[in-house]
Amino acid sequence: MSRARTIQVSALNITMHSPHSPQRYVDLLNCALNRRKIFKQGEIHALMLGSLTGTASAVDKNELTGEVFRFVKVDAAEPWFNSATLKQATDDDLDDISIPQHLYAHMQRIQFVFLPKEHQLWFASVDGKNRLGPLKAESFFP
C-alpha cells in the first residue's frame with residue numbers, strides 16, 4: 001500500500017536595487033552558486049545553494065530551477081555522547097572517528113523554481129522529511 005505524499009510550496013519575492021533586470025537576478029543566483037558559501041541555520045543545520053539548471057535560457061523561458069542543500073554541520077569540538085556507556089565520549093572513543101571537513105551529514109534537497117521576470121522564487125518548503133520554512137528561506141535568499 002502506498003503512502004500519501006504531502007508537499008507544501010512557499011514563495012519569496014526577491015528584490016534588488018535598481019537596475020534590476022531579469023538577467024541581473026539570474027547572474028546574482030549564478031554568482032551565489034559559484035561562491036559555494038555555507039550559511040548557518042540554527043545551532044546545527046546549514047544551507048548552501050547546490051545547483052542551478054537553465055541559466056543560459058532563464059530569461060527567455062522565464063524559468064530557472066535549482067536546489068538548496070540543507071545539512072547538519074556538526075561542531076566536532078563539542079562533547080560527543082557514547083550511547084553504550086551513557087556518558088560523554090572519551091578521547092579513546094573518538095580516536096576512530098575521521099570525518100573529512102568537507103563532508104556533512106543528513107543532506108536534504110530543497111527544490112525551487114525562480115521566475116526572473118517576476119523575481120519570484122517558489123520552493124518546496126515541506127516535501128517528506130525535507131523542510132525549509134519561509135522565514136529561514138527569506139534569511140537565506142536576502
Student: If you define the side chain from C-beta out and look only at heavy atoms, does anything of Thr55 sit under 4.5 Å from Leu33?
Tutor: no

Student: Can you check whether Phe81 reaches Pro79 side chain to side chain, under 4.5 Å on heavy atoms?
Tutor: no

Student: Please examine the side chains of Glu63 and Thr65, heavy atoms only from C-beta on, and report whether any two atoms are closer than 4.5 Å.
Tutor: yes

Student: Donor-acceptor check, side chain of Ser57 to backbone of Asp60, threshold 3.5 angstrom: yes or no?
Tutor: no

Student: So with a 6.0 Å cut-off around CD of Glu67, is the heavy-atom count from everything else above 12?
Tutor: yes

Student: What's the spacing between Gln8 CD and Asp127 CG if we round to 0.5 Å?
Tutor: 11.0 Å

Student: Do Glu118 and Asn62 get their side chains close enough for a donor-acceptor pair, meaning under 3.5 Å?
Tutor: yes

Student: Any non-hydrogen side-chain atom of Tyr25 less than 4.5 Å from a side-chain atom of Leu64?
Tutor: no

Student: Side chains of Arg109 and Phe69, heavy atoms from C-beta outward: is any pair under 4.5 Å?
Tutor: yes

Student: Donor-acceptor check, side chain of Asn130 to backbone of Ile110, threshold 3.5 angstrom: yes or no?
Tutor: no

Student: Could you tell me whether the side chain of Gln108 and the main chain of Lys129 form a donor-acceptor pair under 3.5 Å?
Tutor: yes

Student: What distance separates Ser10 OG from Phe112 CZ, expressed to the nearest 0.5 Å?
Tutor: 14.5 Å

Student: Identify whether NZ of Lys or CZ of Arg in Lys73 sits under 6.0 Å from the centre of the six-membered ring of Phe71 and within 45° of that ring's axis.
Tutor: no

Student: Looking at Asn13, is its backbone amide N or carbonyl O close enough to the side chain of His119 to form a donor-acceptor pair, meaning the two atoms are under 3.5 Å apart?
Tutor: no

Student: Treating Asp93 as the side-chain partner and Thr90 as the backbone partner, does any N or O pair qualify as donor plus acceptor under 3.5 Å?
Tutor: yes

